[in-house]
Number of protein chains: 2
Amino acid sequence: MNERKVLIVDDEFAIRDMLRMALEIADFRCLEAENIHDAYTLIVDERPDIVLLDWMLPGGSGLELLRRLKRNDTTRELPVIMLTAKSAEDNVIQGLDVGADDYITKPFAPRELIARIKALLRRTSGGDEQERLQVSELVLEGESRRVFLGEDPLDMGPTEFNLLQFFMSHPERAYTRSQLLDHVWGANVYVEERTVDVHIRRLRKALQSPAHDYSDLIQTVRGTGYRFSSRGAGNR
Amino acid sequence: MNERKVLIVDDEFAIRDMLRMALEIADFRCLEAENIHDAYTLIVDERPDIVLLDWMLPGGSGLELLRRLKRNDTTRELPVIMLTAKSAEDNVIQGLDVGADDYITKPFAPRELIARIKALLRRTSGGDEQERLQVSELVLEGESRRVFLGEDPLDMGPTEFNLLQFFMSHPERAYTRSQLLDHVWGANVYVEERTVDVHIRRLRKALQSPAHDYSDLIQTVRGTGYRFSSRGAGNR
DNA sequence: CCGCTTTGTCACACTGTTGTCACAAAAACC
DNA sequence: GGTTTTTGTGACAACAGTGTGACAAAGCGG
C-alpha cells in the first residue's frame, strides 16, 4: 500500500538497470539520475524515501551531494546508502562521517541490497512525532490513533480519523473538496469530489454519542467545501 | 567512564592482534576467543557490549554461534558485526538474515571498523532493565520470562512473550506491523508482515484462560496495525 | 535418530471500509 | 412560487484488511 520511492544516482547504465530490476521486484518505485544536479532536482521534486548514491559521479563526487543533503534541513531525514567500489573502501569512512546511513560495495547481491534498504527504512521511518489534539471535550490521540469524547473512545474508520486529524490540525479554515482529497487521501489519488461529502457525513455521525453532539464542529461552507471550527458557524 | 567491552572471535592471531591494537586506541576493552565454545563462555561471563565474529571458525562456523546468540533471549540484544572474506560475501546474506547487525569484509581499514562499531553501539544502546509489568490481573515478569493471570502462569512461546513485553512497555500506542517487526523481531530480520498477525493471534489466544479473557487488551487498529491498551478500543 | 515445540507462510473465510449512486432536502437565484 | 444549484442521506457492491486453521521447515532435547 505504501509505495516507496528509491532514487538511484549512478552514471553507469548497467548498474542502474540491474538496480531498477531488483527494486521493482521488491515493489519499490525507481527514480534515476546520472549526475549530482539531476539527483538534487529529483530529490526536491519527487521526495524519494531513500537514495542509493554512487561514489564516483561526473560533475562532482557523491560526497559532495551527501554534504549538500545533510546540510539542507528539508532533506535531512533522507536516508542514504552509498555504493562504492571495493577498491575504494576508504571512502566509506568519509561517507559514514558525513552522514550516509549505510553503504554497500559493488558488486553486490540484490537480495542484500533489498534487505538493507528495508532495514534502513524501518529504522528511520519511526521518527514522526504524533501529537495530541484537543477541542473542549474532544481529544484526538495521534499516537494511539484514537479519538475520545471525554472518557469514551469514539468509533470511526481510518479515513474519518485522518480527516478529523487534518481538520483539527488546521482549524478555522475552509477547505475545498479538492484540497481535502489532496491532504487526506493523497495527492495522486483519483476519487470523486462528492466522496468527501460522504466521509464528512460519516465523521459527523461519529462525533455524536448518546451524551454529546460535536457534529457541528464540521461546518459546511456552501459553494466552497468544509471547515473545522470550535467557534460558531457564522454563515447562511 | 563508560568503558565498552568488545569480544573478538577469530582464530587468526594476526587479525586479533590488529583488532586489539585498533580497538584499544579507540578506547575499547578487548576480549578474545578463538573458537565458538570460548566465545560463548566469555559472552555469558563477561557480557561484552558488542561481538566481532569471524565467519570461519574451528569447531563450527560463526553462523552457528550467531544463531545461538539470537535464539537465546538473554543475549538476543547483543549486537554482532560479522567479519568475512571478500570471496564469501554470499554468507553476508545468511548472516544478516540470522540477526547480525552489520558486517565488514576482510581486509578492512581499522578506522572503518571503529566507525561501524560506534555507529552500532549508538543504535542499540538502549539498556533494558528487566522489569515487572502489570495491567490489572495480568503480570509479566521480565526476569523469569513468565506471565501470570492472577495466580495461574500462562503458556506462550518466546516470540509471544517478547511481543507482549514490548506491548506492555509501550501501551496506549498504535504500531504498524513493520514497527513491531523492527522492535520485537529485530531490525535486520526479514519476515512477512502478516507473520505479525499470526503471532498476535497466538498471543491473544494465550491471554485467555478458562476463567478470564484478556485478549482484548491487544486491539486491532484497522489500516495501521495493533495497539495494547487497557482502555477501550474505540474501533471495532 | 526421533518426537516435540516453535516459527513463518499460505489459503481461505470473514468483516469493516470505501467509493459511488440515486434520491431527498436545503439553499440560492430569478 | 418555481427553478436551478448545492449538499445531506441511505443503500450497496466491490474491495482491502484481518482472523483463522493447517502445514512444512527448523530447532531443541533426549
Side-chain angles (χ1 to χ4, degrees), chain A residues 1-3 145 154-164 174-178 180-181 184-186 189-208 213 215-216 218-227 233-236, chain B residues 60-61 63-73 76 94 97-99 145 154-164 174-178 180-181 184-186 188-208 213 215-216 218-227 233-236:
Chain A
M1 89 179 180
N2 231 339
E3 195 186 43
R145 284 190 71 83
L154 289 183
D155 181 30
M156 63 180 73
T159 307
E160 282 71 60
F161 181 89
N162 294 335
L163 192 55
L164 182 59
Y175 288 93
T176 66
R177 294 171 174 76
S178 177
L180 290 173
L181 282 178
V184 178
W185 274 253
V189 183
Y190 178 64
V191 290
E192 293 289 323
E193 292 206 339
R194 292 292 319 266
T195 300
V196 175
D197 297 29
V198 178
H199 282 278
I200 289 282
R201 175 178 153 269
R202 288 171 181 159
L203 177 54
R204 279 173 174 158
K205 184 179 271 182
L207 289 180
Q208 294 172 294
D213 182 357
S215 65
D216 45 7
I218 315 284
Q219 296 155 7
T220 304
V221 184
R222 204 169 171 85
T224 302
Y226 298 93
R227 167 185 55 211
N235 53 9
R236 97 203 64 193
Chain B
S61 81
L63 181 60
E64 208 170 301
L65 178 60
L66 196 50
R67 281 225 179 85
R68 203 156 144 197
L69 288 180
K70 293 300 165 179
R71 215 170 29 233
N72 183 330
D73 291 306
R76 183 187 297 277
Q94 277 185 70
D97 278 352
V98 175
R145 291 190 64 83
L154 289 183
D155 183 32
M156 63 180 74
T159 305
E160 282 70 59
F161 180 88
N162 293 334
L163 193 54
L164 182 59
Y175 289 93
T176 66
R177 294 171 174 75
S178 181
L180 290 173
L181 282 178
V184 178
W185 275 254
N188 289 309
V189 184
Y190 180 62
V191 292
E192 292 291 322
E193 293 204 340
R194 293 284 327 257
T195 300
V196 175
D197 296 30
V198 178
H199 283 277
I200 288 282
R201 174 176 156 271
R202 288 170 181 158
L203 176 54
R204 278 175 174 158
K205 186 178 271 184
L207 290 179
Q208 294 173 296
D213 182 357
S215 64
D216 44 6
I218 316 285
Q219 296 156 5
T220 304
V221 184
R222 202 154 234 273
T224 301
Y226 298 94
R227 166 183 56 211
N235 50 12
R236 287 168 265 269

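All chains are named by letter (A, B, ...) in the order of the sequence lines, taking the proteins before the strands, and each is independently numbered beginning at 1.
- What separates CD of Glu193(A) from P of dT7(D) is a distance of 10 Å, to the nearest Å.
- Side-chain atoms of His199(B) lie closest to dT7(C) of the nucleotides dG8(D), dT7(C), dG19(D).
- Between dG19(D) and Thr220(B), a contact under 4.0 Å exists linking OP1 or OP2 to a side-chain N or O.
- Between Gln219(A) atom CD and dG8(D) atom P the separation is 12 Å, expressed in whole Å.
- The distance from atom CG of Asp197(A) to atom P of dA24(C) is 18 Å, rounded to the nearest whole Å.
- Nearest approach of Arg177(B) to Glu193(B), heavy atoms of both residues: CD-O, 3.7 Å.
- The only option from Val191(B), Val198(B), Asp197(B) that meets the side-chain contact (heavy atoms from CB on, under 4.5 Å) definition with Arg194(B) turns out to be Asp197(B).
- Under the 3.5 Å distance criterion, the side-chain polar atoms of Arg204(A) are matched with a main-chain donor or acceptor of Ile218(A).
- Backbone-only engagement by Glu160(A) is indicated by non-hydrogen atom pairs under 4.0 Å involving sugar-phosphate atoms exclusively.
- Rounded to whole angstrom, the span from the CZ atom of Arg194(A) across to the P atom of dT9(D) amounts to 11 Å.
- Using a 4.0 Å cut-off, some side-chain N or O of Tyr226(A) falls inside it from OP1 or OP2 of dG8(D).
- Between Tyr226(A) and Leu180(A) the shortest heavy-atom distance is CD1-CD1, 4.3 Å.
- Across Ala206(A) and Asp155(A), no two heavy atoms sit closer than the pair CB-O, 3.6 Å.
- For Arg202(B) and dT7(C), the shortest distance from a side-chain N or O to OP1 or OP2 is not below 4.0 Å.
- When the P atom of dT20(D) is taken as reference, atom CD of Gln208(B) falls 9 Å away, rounded to whole Å.
- Rounded to an integer number of Å, the gap from CG of Asn162(A) to P of dG19(C) is 11 Å.
- In terms of phosphate contacts, Trp185(A) brings no side-chain nitrogen or oxygen within less than 4.0 Å of OP1 or OP2 of dT18(C).
- For Ile218(B) and dT18(D), the CD1 to C1' distance is 15 Å, given to the nearest whole Å.
- The distance from atom CD of Glu192(B) to atom P of dC23(D) is 21 Å, rounded to the nearest whole Å.
- Closest to the Pro158(A) side chain, of the nucleotides dG19(D), dT18(C), dG19(C), is dT18(C).
- Proximity of Arg204(A) to the phosphate of dG8(D): a side-chain N or O atom is located under 4.0 Å from OP1 or OP2.
- In this structure, of dG8(C), dT9(D), dT18(D), it is dT18(D) that holds the atom nearest to the side chain of Arg222(B).
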